[in-house]
Each structure stands twice: as structure tokens, then as C-alpha cells.
Engineer: 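Can you keep this structure in mind? I'll have questions shortly.
Sequence lines set the chain letters: A, B, ... in the order given, protein chains first and strands last, and positions in each chain run from 1.
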Number of protein chains: 2
Amino acid sequence: MERPRVPTPSALDLALRSRGLRATPQRRLINDAVVVLGHATPEQVCLRVQEVAPTVSLSTVYRTLELLEELGVVSHTHLGHGAPTYHPADHADHIHLVCTRCGHIDEADVRLAAEFTERITGDNGFVLDPAHLSLHGLCAGCAGVREASAASRR
Amino acid sequence: MERPRVPTPSALDLALRSRGLRATPQRRLINDAVVVLGHATPEQVCLRVQEVAPTVSLSTVYRTLELLEELGVVSHTHLGHGAPTYHPADHADHIHLVCTRCGHIDEADVRLAAEFTERITGDNGFVLDPAHLSLHGLCAGCAGVREASAASRR
DNA sequence: TTTTTTGCAAAGTCTTTGCATGTCA
DNA sequence: TGACATGCAAAGACTTTGCAAAAAA
């Protein structure tokens, strides 16, 4: 008995269809790139996609990332002054610690913030997106340097 | 007995002098504007300063804000994709809660984060700047809307 | 008088948009 | 077919930089 070959639609396809939107190769490739890269700026996503499909334009990447974010399959974080980085929405297992002095990015376990996010929600009704939590300050190295130079000034 | 009129140098003046830098009217005005405005983008600071000194240019504002930040008298936060906002460095009494859906900005008491920031420092040696802590998620209103629309989809 | 700072304008990033063409359903 | 999506190029927002003129010390 011969079964027709019906490819299982991906989660992305389903999300698009349910909105009456189209599943295009570009959208699939851009989503794949975000998954593979883990974190990436729009530019990096574009370069990755262009390895396979060289004509995909940066503006399509921007439009698609915005769309994917609306669909809830990716999210973005501003790690610094530069371009934001995009990551899969379920890639929510760590917090970014951005050093404002040297630019180094540490990662912390998202569970550290669980209690904190609950308090915020309790007090303000604000539902924090932990994957979007980027914290700024001084990394261990730079905090040490500042400490040392403060000491030498005494 | 006649005393010579020696204006007391401001904290800003002292900070500048200690670095061999010059105290110019522009720098004082820009610092004042940040203090008065509380939060402001470079553009807003510039407009405020221009009410008093119309020739001050935006590039001077950018250069000065960067300088003031180095001196530790102001800091900045990225509240969204747009321009960063600057505030006095000692204005560290609240956390920004940025709604990623509607852009609304709530404020929460910085003490809510005290325990959290201590844990981060304990685990990673990372010294968090609470004034620079901006949290992204859904405000009470938008979280409610999403909840409601999720319910209607069932 | 010397060095720093400013204002202007031009250039640089990063992002969005208009529109003709192309494509999915 | 008809609505939606893409690619391109141009425009936009935000920021930085080079340089001659102006100002602080």
C-alpha cells in the first residue's frame, strides 16, 4: 500500500500557517541559522544563510527576525551598544552578563533569577522574559582592576 | 575685611581637574541637564541645553556624555532598540522594566534586586550595576492581553 | 601661548522602507 | 490567480570622526 509522501510540517511552518503567512525557504533558512548559531546578530544570521542561499538580503533577514519574534520562536537581547543578538526562544537557559568595561560576556544560570523574576511579577504584574535578561556591570577581572586602582589611590 | 570671591568648584569641576581636563560651560550645562531630566537620550539632553546655549552641538553632547560616564558622574541604559538614556550615576534607586510589546517603561524598586545581584556576584564575581539594570518582558497590561488571547484560542 | 575643546559637516553603523518583481498556496 | 514575500536601493535613525576655529588654563 503506497502512502503519499507528506512531509511533516515543522513547528515554524505551523506557526506561519496559523497566521495565514507563508513558509518560504528564506524563512526556514533564517530560523535554522538562529538555531544553529545560538546567538547571532542579524548580520551574522545573514552571512550564515548566504552560505546556502547567496541572494538572501539583509533586509529579508531583518524582516524575518522581526516576524519570528512575533511568532514567539526567537527572541533578541541587546548585549551592548551594537547590534542585538537573536536566539531561539526556547534557548532560555542562561542570563548574559555584559561587562561595561571590557565588553566580555559571561553567562549565568537562569535559575539564579527565578526568585527575582517572581518578585517583579508579584510587585508590578510585569512578566519578565528571562532569556532577554541582560545584565550590565563589571566582570570579575575588571571589578578586580577597579578595586586595585582604587586602593592605590588611597 | 574683604574676601576674594572664589566660587566653590563643583564636584564635576573637581573630577575634571583631577584628570587635567577643562571645565567648560558646555560640560557643566550637559551635566546639569542630565541631573534635571533624570533620564534622557542624547538628543533630549541636547535640546535642553540648547534652550540656554543654542549653539551647543549634538556631537559635543555625545562626547561629553561619554566623558561624564568615564568620570563616573553619569551612566546610561539601553531601554530599547532606540537611543540609550543617560542619568546621574547616583540616580540608582530604580530598575527599568521595559515592555517588549508596547514599549511602556515601568519602574521597580532597586531593593528588589539586591539579593539577586549578590548571588550573581557570589557565583560569577560579576559586579552588577543596578542602575544599569533594564529588564525586558511584558507589562501587566500586555501580559493580560496575551493571557486573554491565549484563552480565546482554546 | 599652549593644549584642550568645540562646532560643523561629512562619514559610519545599523535598520527600515518603497516598490517592482517574484513566489507560495 | 491573488495575496504575500523578496531583493534592491534609497532613506532613516543614531553615532562617530576630522579638522579648523575658539576657549580654558
Engineer: Within residues 55-68 of chain B, find the residues that approach DNA chain C with a heavy atom at under 4.0 Å, and present them sorted by residue number.
Structural biologist: T55(B), V56(B), S57(B), S59(B), T60(B), R63(B)
Engineer: Would you say the side chain of Y86(B) lies within less than 4.5 Å of the side chain of S75(B), judging by non-hydrogen atoms?
Structural biologist: no
Engineer: Please report the shortest heavy-atom distance between L21(B) and R27(B), naming the atom on each side.
Structural biologist: CB-NH1, 4.1 Å
Engineer: Please list, in numerical order, the residues of residues 36-49 of chain B that have a heavy atom closer than 4.0 Å to any atom of DNA chain C.
Structural biologist: none
Engineer: Rounded to the nearest Å, what distance is computed from the CD atom of residue E70(B) to the P atom of nucleotide dT5(C)?
Structural biologist: 11 Å
Engineer: At 4.0 Å (heavy atoms only), tell me whether P54(A) reaches a base, stays on the sugar-phosphate, or touches nothing.
Structural biologist: nothing
Engineer: Going by side chain to side chain donor-acceptor pair (under 3.5 Å), name the residues that satisfy it together with R17(A), two or more places apart in sequence or in a different chain.
Structural biologist: none
Engineer: Minimum heavy-atom separation for A40(B) and V45(B), please, with both atom names.
Structural biologist: CB-CG2, 3.8 Å
Engineer: May I ask you to decide whether D13(B) forms a salt bridge with R28(B), counting only side-chain N to carboxylate O separations under 4.0 Å?
Structural biologist: yes
Engineer: Got a donor-acceptor contact below 3.5 angstrom from the Q26(A) side chain to the T60(A) backbone?
Structural biologist: no
Engineer: Has Q44(A) got a side-chain atom pairing as donor or acceptor with T41(A)'s backbone, closer than 3.5 angstrom?
Structural biologist: yes
Engineer: For the residue pair N124(A) and A140(B), what are the closest heavy atoms and their distance?
Structural biologist: O-CB, 3.9 Å
Engineer: Could you report the tightest heavy-atom contact between H76(A) and P84(A), atom names first, then the distance?
Structural biologist: CD2-CB, 3.8 Å
Engineer: Check nucleotides 22-25 of chain C for protein N or O atoms closer than 3.5 Å to its own N or O atoms and list the pairs.
Structural biologist:
unit_1, atom_1, unit_2, atom_2, d
dC24(C), O2, R22(A), NH1, 2.9

Engineer: Reading DNA chain D from 5' to 3', where do the contacts with chain B start and stop? Cut-off is 4.0 Å to heavy atoms.
Structural biologist: dC14(D) to dA25(D)
Engineer: Can you list the residues that meet the ring pair (Phe, Tyr, Trp, His ring centres under 6.0 Å) rule with F126(A), with sequence neighbours excluded?
Structural biologist: none
Engineer: Considering all heavy atoms of both residues, which atom of R22(A) and which atom of L16(A) are nearest to each other, and what is their separation?
Structural biologist: O-CD1, 3.6 Å
Engineer: Using side-chain heavy atoms (C-beta onward) and a distance below 4.5 Å, is D90(B) in contact with V73(B)?
Structural biologist: no
Engineer: Main chain of V61(B), side chain of T64(B): is a donor-acceptor contact present, judged purely on distance under 3.5 Å?
Structural biologist: no
